[in-house]
Amino acid sequence: MEKQRSRRRFLRRTLPGTLGVSLLAGCSGSKGTDTTTSTDADSSKGTGTTTESESESGSEGAGGDTRTVTDAAGRDVTVPASVERVVGLGPGALRFITYLGATDRVVGVERLETKNEKRPFRPYVLAHPELQERPSVGSRKSPDPELLLERDPDLVVRAYASAKKADGLQSKLDTPVVSINPGDLNDALRPDFYDSLRLVGEVLNEKQRADELVSYTKETISDLKGRTEGVSTPPKTYVGYLGRGKHGLLYTQPEYPPFSFVGTNNVAGDVTDGLKKKKGAPRVTIDAEQLIKWDPEYVFVDLGTESYDDLSKSKYESIAAVEEGNVFGVFPTRDYSINFGTALADAYAVGTACFPDGFGDVDPAKKADAIYERFVGKSVYDEAAAAYGDGFGRMNGGQ
């Protein structure tokens, strides 16, 4: 990589007044255009297929070797044999680098990953607060090429980048850019999650770690499903997908993995109209009258919201879950893409609330810590509960 780094240093030394202007001009048309979504077709891409080749100069990578991987955008990307400096861009990229245990190689982060009172709660940041101290490389929608060059990465991992966008950034930086599709834990997008783990594991030389995390995820889902196999009439459940911000009680997710994993009857599960299909499983805003008609027995509240005032409205008093005090808090499965470990931890919290017999041996907080330990390298349940102002368990009157 020394040849590549020397070239970039030469550019910065000889073009201090023009480099930033020219690169930024080249990126001006790409702001806010990260709209590539995962599809079933994508699930076969980005599996980390590699070949080794000798670079012409013999100076790139360990022993002059490079590797070629096929990324989620279907691009063949030549990457160095050894990646010591990496930057993650886009929803979930830094999360995957963290999952693969490579936080010590992160040399720059997007601005939202730095200290920001509005977004301090992602488990990988709670586990690795030092990431907030890394230099910024610009905004999430428009990373700054000049700042990226200053960080001198060996590799950029970019989430949800189209081939055109990834090629454009790679050309500007003269640095390999690998696109991933983080996916989700619902049935349709779970293959993308596994493929992305394996691809990032491949380029960071953490294949064993990636395979172990895929296996752990599959084993955890199997354990969850096995605990309720004999239940003939599952309870009706609803999640107020309040998420980060002001979405409200009526914002929900028909394919909510924690419900699917333990086999509850998600009352919104058959909703198909008005779905917001962006990144991850689709979400939708429903009518209040519909929620009342569904009359769920258990309501779960995503604790990432700013206010739970909806739960105190008199019109919801007749809902069985509200009337009987079966309103429970769960951590946000989404915050800058999917918190995969949180989705699994939430499933144990849901199971404990809805199926006390099947989950009688589970302490959901301790189970969450075990899951976070596997995903982000540290038990952070208490930190997450403190950040959100509440943890798993019943909520008092929705307040």
Side-chain angles (χ1 to χ4, degrees), residues 1 3-5 7-8 11-12 15 18-39 41-53 55-57 60-61 66-81 83 85-94 96-97 107-108 110 137-183 192 195-196 198-200 202-204 278-279 337:
M1 294 302 294
K3 178 181 178 182
Q4 180 172 306
R5 288 178 180 165
R7 177 180 180 275
R8 295 202 293 265
L11 287 173
R12 288 198 291 273
L15 300 174
T18 61
L19 178 62
V21 174
S22 62
L23 290 178
L24 288 173
C27 282
S28 62
S30 64
K31 290 185 178 181
T33 57
D34 285 332
T35 57
T36 303
T37 58
S38 299
T39 65
D42 288 330
S43 67
S44 63
K45 298 177 181 178
T47 55
T49 302
T50 65
T51 59
E52 292 187 354
S53 62
S55 65
E56 292 181 3
S57 66
E60 290 197 7
T66 59
R67 297 165 294 153
T68 299
V69 301
T70 302
D71 72 3
R75 303 161 57 246
D76 291 333
V77 185
T78 300
V79 302
V83 174
R85 301 173 64 84
V86 64
V87 172
L89 300 176
L94 181 58
F96 275 74
I97 294 169
V107 295
E110 293 170 304
V137 294
S139 71
R140 65 186 179 90
K141 291 186 177 181
S142 184
D144 188 322
E146 186 173 16
L147 293 177
L148 281 164
L149 281 172
E150 288 177 2
R151 301 317 306 148
D152 200 20
D154 300 330
L155 175 77
V156 174
V157 177
R158 190 163 193 185
Y160 296 109
S162 64
K164 181 178 180 180
K165 187 179 288 285
D167 283 340
L169 183 61
Q170 182 168 287
S171 177
K172 290 177 175 66
L173 299 180
D174 192 23
T175 299
V177 175
V178 172
S179 175
I180 63 171
N181 283 347
D192 286 348
D195 286 349
S196 293
R198 292 186 175 113
L199 177 56
V200 179
E202 175 69 26
V203 298
L204 295 180
K278 195 174 182 182
K279 297 178 177 73
S337 194

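- Of all heavy-atom pairs between A73 and A161, the closest is CB-O, 3.7 Å.
- For the pairing with L173, the side-chain contact (heavy atoms from CB on, under 4.5 Å) check across P145, P143, P153 returns one residue only, P145.
- Distance CG/L204 to CZ/F96: 12.0 Å, rounded to 0.5 Å.
- Between the side chain of D144 and the backbone N or O of E146 there is at least one donor-acceptor pair closer than 3.5 Å.
- Residues D152 and V107 are not in side-chain contact: their nearest non-hydrogen atoms beyond the backbone lie 4.5 Å or more apart.
- Between the CG atom in N181 and the CG atom in L199 there is a gap of 10.0 Å [rounded to 0.5 Å].
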Checklist entry - Does the side-chain contact (heavy atoms from CB on, under 4.5 Å) test come out yes or no for L148 and L169, once each step is laid out? => result CA-CA 10 Å; L148 281 164; L169 183 61; 4.2 Å; yes
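- For the pair P80 and V83, the minimum side-chain heavy-atom distance is below 4.5 Å.
- For the pair R67 (side chain) and V203 (backbone), a donor-acceptor distance under 3.5 Å is present.
- Atom CD of E202 is separated from atom CG of D195 by 12.5 Å, given to the nearest 0.5 angstrom.
- Counting only distance, with no hydrogens or angles, the side chain of D71 and the backbone of S179 share a donor-acceptor pair below 3.5 Å.
- In plain terms, the two heavy atoms of P176 and V79 that are nearest each other are CB-CG1, 4.2 Å.
- Here the side chains of R75 and D167 are in contact, with some heavy-atom distance below 4.5 Å.
- Residues Y160 and G183 share a closest heavy-atom pair of OH-N, 3.4 Å.
- Side-chain atoms of R85 come within 3.5 Å of backbone N or O of R151 as a donor-acceptor pair.
- With contacts defined as side-chain heavy-atom distances shorter than 4.5 Å, the pair V156/L89 qualifies.
- Residues S337 and G92 approach most closely at CB-N, 3.9 Å, considering heavy atoms.
- Taking 4.5 Å as the limit, some side-chain heavy atom of V77 sits within range of a side-chain heavy atom of Q170.
- Applying the side chain to side chain contact (heavy atoms under 4.5 Å, CB included) rule to S171 yields no partners; only residues at least two apart in sequence or on another chain are considered.
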